[in-house]
Amino acid sequence: MRLASLTTRELIFPGISAPDASSALRALSERVEEQGRVSDSQQLYRKLCEREALGSTGIGSGVALPHCKLPGLDEVVLAVGISPDGVEFGAVDGVPVKVFFLLISPDDAPAAHLQSLAAISRWIKNGHHRERISDMEDASAIYQILQEDGE
Amino acid sequence: MESKRFVVMGAGEVGFHLARTLSNEGHDVTVIERDARRRERIEDELDVLVVGGNGAHPQVLKAAGVASCDLFMAVSSSDEANLAAARIAKHYGAERCVVRMGIAEEVITYRRLLEELFGVDLLLSTQLLTTIRILNQIRGHNTMDVEYLASGRVQLRRIHLDAESRLTRHPLRDARLPAGSLVVAYFRGDSLVIPGGDDIAQPGDDALILGTADAIEAAELHVSSAPIEKGTVVLAGAGSTAVAVAQALEGHDVPVKIIERDRGRARELADQFPRFEVLHGDMTDISLLRAERISRAHTFAALCGNDESNLMACLLAQEEGVPQVLALVQRTETSELWRRLGLEQVFSPRALAYHRVRDYIDSGFSSNIVSLRRGAAQVIERFLAPASPAAGVTLAEMKPPRGMIVGAVARGEKVFVPRGNDRLEAGDLVILFVHEDELDTVRLLFPGPELEMP
């Protein structure tokens, strides 16, 4: 799966600045609503928090994959947020998160949701993607990397 | 191993031997013991620091220096004191804790809960260790170890394979394990192999087989080469170990006779085990044994709490010609004597507990039977919350890679090994076998606390 097929250049947000985890999730939710991909950023934010409550999606090395399912969505949506200063996110290794992969899926497509999540997780694990992305400030360049060697 | 700091609570047989071997190997050992006479014996015989008092008291633990120890071992004869002491030792900074408990049932059903609440890294039941070994001997099986999951409704068994096993003669896909069971891995030397359908095990491998409590016995028989012995099994002296053994034998097509001296107890057992024959009488009474044609039995197991009675009964059974005679022995130091009398199969709960703790120490503090080769793979139990990404997905849709096996699902009263079309649901308890490479992904797809609340 090529990650770029789940997102667009407009859904890559390089300058996310947030003092804590919930502000970061709120900021990401609002940006996604601004792009017209969800109708209610409040609802998205609540669903993301519900998932974080089960255990942080901070998978270590400065990367987090917040995710949830939402009613009324047409397709799986991936947004990428970059927070150059890092956000305390309760990650497994305690390292502040600089790169957020935010995945939102239609609530009647649990299989697509899970498959996309697994694909993103493995994409991050392979190669040097996360190091390259975390230093970037330009949406086009990040989008470019997402187009590389998808499974 | 480099020198480490150990604190042992309880200088009974288990604690004393642990303290002795560890200090002989050059480790720094402190022993907590409340009995003055036992303390004297340790001070005379061992090169260890001795602290008097109750190990469940914070000041005693502090004085023993648990704050800086690599391992705290609560192996006294009191379950409650052991658990409390472990919790306090962890609070003060002990790196790891071992707790010994008596009753098997508690450890099977509540292991995860107790480990979580009391900060225990290795929880062991002397009775469970003993029962597993005795059962193995009775059935002629090759189970090296058992881990109980989903409160005992699922088991993971490590089974030694020889050249005659179906798994060493056929590719896995043709080995046709019973429904409700599956092979998750082979241990081969120092490596862990997660097999695909084409793979054939090698003689000498240990197979890790996961199965529901109903299916695991059949699975073990299926991969074992030994013929099933059909003769009667006699359990003499119906203490808690005998009951645990009897319970495990209930699911088998094997006749069982239980001999119990106490009339009330015998009646209780007759109610508990309607399929078994329960005799009221003395296990050392030769006329009773003859009247019951003990000579035709396949196995005679003397399992009462009194060593002398067990010894006497075993000698009689041996004399009557029972092919397999085994006994429970409380005083470990006499087991050599038993062997000289021709009784090879003697099981000392304390010796087994000692060896289990030693294995834990010698493996570099690895408690899980799966991660004996550290970190290679682990078993994870998770409840699926509604917000869990895996909720609502079929196995086929999940396309789990080889290093991620969805081994079993407990849904309400039902426990099953899922196939491709089975859909995971919110509320399920899912048991996963995960290779370290897939651990990050599994944590994402199956989020939630490790804690299981039976």
Side-chain angles (χ1 to χ4, degrees), chain A residues 1 25 43-71 76 78 89-93 95 97 100-126 129-130 151, chain B residues 112 116 194 375 377-378 380-406 409 411 418-430 432-453:
Chain A
M1 182 185 295
L25 292 177
Q43 184 194 26
L44 172 57
Y45 169 72
R46 277 197 309 274
K47 286 277 186 185
L48 291 173
C49 290
E50 194 183 314
R51 167 61 186 85
E52 291 301 321
L54 296 176
S56 172
T57 59
I59 57 170
S61 305
V63 180
L65 279 78
H67 57 268
C68 66
K69 287 172 272 191
L70 276 185
V76 176
L78 172 67
F89 210 72
V92 281
D93 59 359
V95 173
V97 170
F100 292 92
F101 289 87
L102 175 69
L103 185 78
I104 319 160
S105 307
D107 67 353
D108 56 0
H113 182 60
L114 178 131
Q115 285 159 7
S116 309
L117 202 54
I120 298 167
S121 164
R122 295 195 182 104
W123 185 84
I124 294 166
K125 220 173 146 57
N126 296 338
H129 299 122
R130 74 179 139 210
E151 283 171 313
Chain B
R112 299 259 165 158
E116 186 85 14
I194 296 183
Q378 46 182 290
I380 293 178
E381 293 182 63
R382 286 295 159 83
F383 274 111
L384 291 194
S388 239
V393 181
T394 69
L395 234 53
E397 291 166 342
M398 197 176 292
K399 300 186 193 111
R402 205 181 258 202
M404 174 182 145
I405 298 171
V406 182
V409 174
R411 178 178 299 161
R419 306 277 173 209
N421 292 328
D422 288 318
R423 194 176 294 280
L424 302 182
E425 295 173 3
D428 285 353
L429 175 68
V430 180
L432 297 141
F433 181 83
V434 185
H435 190 269
E436 58 185 346
D437 293 343
E438 292 294 330
L439 210 51
D440 290 345
T441 304
V442 168
R443 285 203 186 104
L444 264 183
L445 305 185
F446 295 86
E450 283 284 345
L451 181 57
E452 160 198 344
M453 289 290 188

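In the text below, chain A, chain B and the rest are named by the order of the sequence lines, each starting its count at 1. Every heavy atom of this structure was used, including side-chain atoms; hydrogens, water molecules and symmetry mates were not.
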- Task: Can you establish whether the number of heavy atoms outside A/D93 located under 6.0 Å from its atom CG is more than 12?
- Result: yes
- Query: Between A/S121 and B/D440, which heavy-atom pair has the shortest distance, and what is it?
  - Reply: OG-C, 4.5 Å
- Closest non-hydrogen atoms of A/R51 and B/A387, given as atom of the first, atom of the second and distance, are CD-O, 3.7 Å
- Closest approach of A/L114 to B/P389 (non-hydrogen atoms, all atoms of both residues): CD1-O, 3.6 Å
- Note on the structure: Looking only at heavy atoms, the pair that brings A/K69 and B/S388 closest together is NZ-O, 4.0 Å
- Mind listing the closest non-hydrogen atom pair of B/A391 and A/P110 along with its distance? O-CB, 3.8 Å
- Message: Return the CZ to CG distance between B/R443 and A/L65, rounded to the nearest 0.5 Å.
- Response: 14.0 Å
- Message: If you count heavy-atom pairs within less than 4.5 Å of chain A, which of B/L444, B/T441, B/D437 leads?
- Response: B/L444
